[in-house]
Amino acid sequence: MKKKIFSIFAFAAGIVLLSSCSDFLEQTSPSEQNDESVWKSPYYTGLRVNRLYGQLTQDRTYSQDLSIVWCMNSDVELVDGLGDNAVNVTSERGEMNYNMDPSWARLSDVWTNLYGIIEDANLNIVGIRGSELLNAGGNNQKEMERYLGESLVLRAMTYLDLIRFFGDVPFKVEPSKSDLSNVYLPKTDRDAIMDALMDDLDEAVTLLPWADEVAGYTTERVTKGYAHALLAQIALTRAGYAIRESAKEGYETADYSDGTYPTQRPNESVRKALYERALKNLSAVITSGKHSLAPINTYWDNVNKLVVDQTYHENLFEIPMGLNVSSELGYTVGVRLNGVTSLYGYGNSTGKMKVTAPLLYSYDPADIRRDLTVSAMQIAQNTTTGVTEEQMLGDAPFGLYVGKWDPRKMNDTWLNENLVASAKHMTGINPSKMRYAQLLLYYAEVMNELAGPDGRYSDDAGMTARQALALVHDRGFNDKSVSQQYITNIPADKKEFFNAIVQENAWELAGEGVRKFDLIRWNLLAEKIKEMKQTYLDQLVGGIYQKKVYFNYTDDKKTKLDMSSVTWYGFPSGKGESDYAGSVNSFGNSDITKETTTQVYTNLPSISSGLVGNSVVNMDGSITYEEPAIKNRYIMPIGSTTISASNGTLHNSYGYSD
């Protein structure tokens, strides 16, 4: 019986983990203390809260799955499953191409781990609320209030991710009872869950400090700023589209929607109230002055070097990982280290997540974010010279690496350890659950909905939607006149401005596990994936992609590429082959007139085939799609083992079997 309980609402007792901040170093397990003594002591209560953070660092939570794997596929991020791999339901290659099967073991593993976090958060919340210290006054009360706020926020964050992956789920806000009366719970409508979570966060923002307002309280813990931002994120998710198990009365049904499992969103008046609620919380963060945009290279240098920024606080909350303990950012995703090299040591995989040629070509050539985001090269040992060198990739339009996590930027501790490593060791890079740039894009979206691109609204932060978008876009350019001209040229039309926000979302956040869920709530996921596929063909047929690209190096030994010199659009005026030291065949080598062309006729049709349907590429450059089994079925099935352990209370929907 106990085994079944744990498989549904597991809580990992006695987890001992290291982290990048000292608060999470190995400590006595809180499970060694009985409940009465725990809640009478801020010290032991703190250990129980620290345990929540520890549970966020597991592979089946945010060390790998929820920060990398389960955030694919969108129109810009792809799992490395192409061709036959895209229908392999025994791994993420098929699952993230939306060819999902309830028997995939990771489904139940992630479910169990997330409910484990929720179970421990429930224990904390009930225990702290019942503690005499919560009303004792002084520092003890302040500390207990903070622990309550942290537990409320981490529970809300976890539930939001459960909803985004699984749809309607059981909603459990109290610890499990010994008589099991509250263990085997049915699903609760996700909108009711999100309404309750927003109310929890209204309380949490009154309990938490801003980042570094309390000594040692950095963005590696949930802050007041993150509580505000998470509430806004939930409000926008609640206002957005979602595929439903059945139609909801009074909701609007999307044009692209399944007949049995409709894609719906709340009516206009409900959405307006949710936008206003989001705006109030977004404005609270902006007007606080506690968070701002760091220079973009500084931001990513800090991320890779494991530096917690206490100047700009661009991360509102970053999950605290530990070098050699947790985080596959920079290993499973990032710039490729292809094999062992003398300069960097042990290789990485960076295999799970790829980005695309259409994303690369969508950037303005002057946008710094292009080469920060899209890595069209790898680092490898030259077998002839024995020298570590940077090598351009060839015709890999769906196999480009994410450049944001980069071994060339990592700190000396990581490098010294990687030079002697003989197996994978964790990078310790913190996943960000919210960046200030993302918050500004939310603000621009909400202001556009309520007041248009250039209007003002009550509870705004003193700037328009256009001004917020400009802050994000401008940062990517050294020549501000280029970026400002772009912002000025966006029409003063709500729909056109919304389209600009959707595009900025890709330019700023690609590879960070954000875009998929925004496209879902906009009901643009399938549409944008199809658009990416057509854009690739249009650019291939239109001669945008070069058959060969030329480039120079930044050193005489020709080991370091000058990515700014790559001739993505052909030779600049007055230059030719002789002006470049290197070249490689590129995306333009694929041939749409030959059905044996792998990129066009094997790889392209397989991308996200479970969501958009199987397709055929025609030699005129068009694509013919078959209708998918269920339209908009981005929701993952509940795992078979979870269902079998649920005592008959849980069943799959959306056409999935149990």
Side-chain angles (χ1 to χ4, degrees), residues 6-13 15 17 24 48-71 106-126 128 147-176 185 187-188 190-201 203-204 208 220-223 226-227 229-235 237-238 316-321 326 430-434 513-514 517 635-636 638-639 642:
F6 291 168
S7 66
I8 304 170
F9 300 112
F11 59 96
I15 288 178
L17 291 166
F24 305 101
R48 292 296 291 255
V49 175
N50 285 353
R51 180 159 128 179
L52 293 179
Y53 290 97
Q55 288 171 285
L56 304 180
T57 67
Q58 305 301 296
D59 275 353
R60 302 289 78 82
T61 57
Y62 296 94
S63 180
Q64 180 183 159
D65 286 359
L66 272 62
S67 61
I68 304 171
V69 177
W70 286 37
C71 303
R106 293 279 182 87
L107 295 166
S108 291
D109 291 343
V110 170
W111 177 284
T112 297
N113 277 275
L114 292 182
Y115 272 109
I117 297 168
I118 290 167
E119 179 70 20
D120 274 355
N122 289 340
L123 285 165
N124 291 350
I125 292 164
V126 170
I128 295 169
Y147 292 144
L148 176 59
E150 288 180 89
S151 299
L152 287 168
V153 172
L154 291 174
R155 183 175 70 178
M157 182 188 85
T158 304
Y159 264 123
L160 175 61
D161 281 334
L162 271 167
I163 287 166
R164 297 198 295 189
F165 294 127
F166 295 106
D168 298 344
V169 296
F171 189 45
K172 188 169 183 286
V173 291
E174 59 182 2
S176 298
L185 300 179
K187 297 177 185 177
T188 298
R190 76 199 74 171
D191 291 350
I193 296 175
M194 287 188 281
D195 287 341
L197 298 180
M198 286 188 286
D199 290 342
D200 283 347
L201 292 170
E203 178 184 8
L208 291 167
E220 286 192 314
R221 302 193 83 107
V222 293
T223 62
Y226 180 62
L230 179 60
L231 199 162
Q233 187 177 44
I234 293 173
T237 303
R238 172 78 169 82
L316 279 71
F317 173 48
E318 52 192 290
I319 296 174
M321 298 286 168
S326 55
N430 291 348
S432 175
K433 285 300 287 182
M434 181 76 69
V514 171
F517 304 106
I635 289 286
M636 306 186 84
I638 301 172
T642 298

Asks: State which residue, out of Val169, Leu162, Asp161, fulfils the side chain to side chain contact (heavy atoms under 4.5 Å, CB included) condition with Phe165.
Replies: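 The residue from Val169, Leu162, Asp161 that satisfies side chain to side chain contact (heavy atoms under 4.5 Å, CB included) with Phe165 turns out to be Asp161.
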Asks: When rounded to the nearest 0.5 angstrom, what distance separates CD1 in Ile638 from CG in Asp168?
Replies: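 Separation between the atoms: 9.0 Å.
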Asks: Could you measure the distance from the OH atom of Tyr159 to the OG1 atom of Thr188? Nearest 0.5 Å is fine.
Replies: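 Those atoms lie 8.0 Å apart.
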Asks: Could you tell me whether the side chain of Glu150 and the main chain of Arg221 form a donor-acceptor pair under 3.5 Å?
Replies: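 Looks like no, no N/O pair under 3.5 Å.
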Asks: Do Leu56 and Met157 have side chains that approach each other closer than 4.5 Å (heavy atoms only, starting at C-beta)?
Replies: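 A side-chain contact under 4.5 Å exists here.
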Asks: Counting distance only, does the side-chain N/O of Tyr62 pair as donor-acceptor with the main-chain N or O of Lys433 below 3.5 Å?
Replies: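 Not a single qualifying donor-acceptor pair exists.
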Asks: Indicate whether any N or O donor in one side chain lies under 3.5 Å from an N or O acceptor in the other, for Ser176 and Glu119.
Replies: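 The criterion, which ignores hydrogens and geometry beyond distance, is satisfied for Glu119 and Ser176.
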Asks: What heavy-atom pair brings Leu152 and Ala204 nearest, and what distance separates the two atoms?
Replies: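 Closest approach of Leu152 to Ala204: CB-CB, 4.3 Å.
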Asks: Can you name the closest pair of heavy atoms from Leu66 and Arg60 and give their distance?
Replies: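 Closest approach of Leu66 to Arg60, heavy atoms only: CD1-O, 3.9 Å.
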Asks: In terms of side-chain geometry, is the basic nitrogen of Arg106 or Asp109 positioned less than 4.0 Å from the acidic oxygen of its partner?
Replies: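 No, this pair does not count.
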Asks: Considering the options Leu154, Ile117, Ile319, which one meets the side chain to side chain contact (heavy atoms under 4.5 Å, CB included) requirement together with Tyr53?
Replies: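 Single pass found, and it is Leu154.
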Asks: Under a 4.5 Å cut-off applied to non-hydrogen side-chain atoms, are Asn124 and Arg51 in contact?
Replies: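 No - every pair of side-chain heavy atoms lies 4.5 Å or more apart.
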Asks: When rounded to the nearest 0.5 angstrom, what is the spacing between CD in Gln58 and OG in Ser326?
Replies: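 OG of Ser326 is found 8.0 Å from CD of Gln58.
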Asks: Distance from Asp59 atom CG to Ser67 atom OG, nearest 0.5 Å?
Replies: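 Asp59 atom CG to Ser67 atom OG measures 9.5 Å (nearest 0.5 Å).
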Asks: Measure the CD-CG distance between Gln55 and Asp120 for me, rounded to the nearest 0.5 Å.
Replies: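 Between atom CD of Gln55 and atom CG of Asp120 there are 4.5 Å.
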Asks: With heavy-atom distances below 4.5 Å as the criterion, would you say the side chains of Met434 and Leu230 are in contact?
Replies: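 When only atoms from C-beta onward are counted, Leu230 and Met434 do not touch, as no gap falls below 4.5 Å.
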Asks: Once you measure the plane-to-plane angle for Phe166 and Trp111, does it fall in the parallel (<30°), tilted (30-60°) or perpendicular (>60°) bin?
Replies: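 Perpendicular.
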Asks: For Met198 and Leu231, what are the C-alpha separation, side-chain angles and deciding distance, and is it a side-chain contact (heavy atoms from CB on, under 4.5 Å)?
Replies: CA-CA 6 Å; Met198 286 188 286; Leu231 199 162; 4.1 Å; yes
Asks: Do side-chain atoms of Thr223 reach the backbone of Leu316 as a donor and acceptor pair under 3.5 angstrom?
Replies: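 At least one qualifying donor-acceptor pair exists.
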Asks: Any idea which heavy atoms bring Glu220 and Phe317 closest together, and the distance?
Replies: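 What the structure gives for the nearest pair is O-CE1, 3.7 Å.
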Asks: Looking only at heavy atoms, what is the nearest atom pair of Thr57 and Pro320, with distance?
Replies: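 Answer, listing the atom of Thr57 first, then Pro320: CG2-O, 3.2 Å.
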Asks: Any idea which heavy atoms bring Trp70 and Val110 closest together, and the distance?
Replies: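 For Trp70 versus Val110, the nearest heavy atoms are CZ2-CG2, 3.4 Å.
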Asks: Does Asn113 offer a backbone N or O that forms a donor-acceptor pair with the side chain of Thr61 under 3.5 Å?
Replies: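 Side chain of Thr61 to backbone of Asn113: no pair is present.
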Asks: Can you tell me how far the CD1 atom of Ile163 sits from the CZ atom of Phe171, to the nearest 0.5 Å?
Replies: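 That separation rounds to 8.0 Å.
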Asks: Which atom pair, heavy atoms only, marks the closest approach of Arg155 to Ala121?
Replies: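 Scanning both residues completely, I find the closest heavy atoms to be CB-CB, 3.8 Å.
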